Amino acid sequence: MRLAFVENLECVLKHAWSVRFLALATVLDAAQTGVSFFSGTDLVRPGTLALANMGLALAALAARLVAQDKVSGPATGGDA
């Protein structure tokens with residue numbers, strides 16, 4: 001199996017919901033870490049943040065499996 005970028009990488013990065021969900025999960029995790037690092041207290045309980053991140057990761061997985069017109073294009077065997 002050879003790893004390679006998809007042909008429409010720029011379009012995927014701009015329009016894919018999976019990328020948006022993963023970016024939001026990263027921002028939430030960074031905010032929690034930053035606040036707890038600088039203030040010494042947690043913004044929310046760690047379990048709550050873990051559930052939110054898990055939900056966003058599952059949403060990203062589901063979004064990547066669903067065809068999106070701007071990203072997937074015609075069904076040509078999995079280019080996107």
Side-chain angles (χ1 to χ4, degrees):
M1 180 166 93
R2 185 176 157 270
L3 295 177
F5 288 120
V6 292
E7 292 178 13
N8 59 345
L9 178 63
E10 185 176 334
C11 184
V12 169
L13 291 175
K14 284 183 181 177
H15 300 288
W17 279 100
S18 57
V19 174
R20 294 174 185 176
F21 286 134
L22 290 172
L24 183 57
T26 303
V27 167
L28 285 176
D29 202 23
Q32 173 69 18
T33 303
V35 167
S36 64
F37 179 76
F38 289 111
S39 71
T41 60
D42 288 332
L43 185 61
V44 294
R45 291 182 303 180
T48 304
L49 184 67
L51 286 175
N53 277 336
M54 181 181 69
L56 287 169
L58 289 174
L61 175 64
R64 193 58 190 139
L65 296 176
V66 173
Q68 299 172 39
D69 291 336
K70 287 185 177 183
V71 177
S72 300
T76 58
D79 286 355

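For the numbers below, each heavy atom of this structure counts, side chains included, while hydrogens, waters and symmetry mates do not. This is a predicted model, so every value here is computed, not measured.
Contact between Ala60 and Ser18 at its shortest, heavy atoms only, is O-CB, 3.3 Å.
Residues satisfying the side chain to side chain contact (heavy atoms under 4.5 Å, CB included) test with Ala59, not counting sequence neighbours, are Phe21.
Linking ILVMFWY side-chain heavy atoms closer than 4.5 Å, directly or via other members, places Leu13 and Val71 in a single hydrophobic cluster.
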Pairs of donor and acceptor atoms involving the side chains of residues 46-58, under 3.5 Å and at least two apart or interchain, shall be tabulated with distances.
none

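Judged as a salt bridge (charged side-chain N to carboxylate O under 4.0 Å, His left out), the pairs with a partner in residues 12-23 (not counting sequence neighbours) are, in order, Glu10-Lys14.
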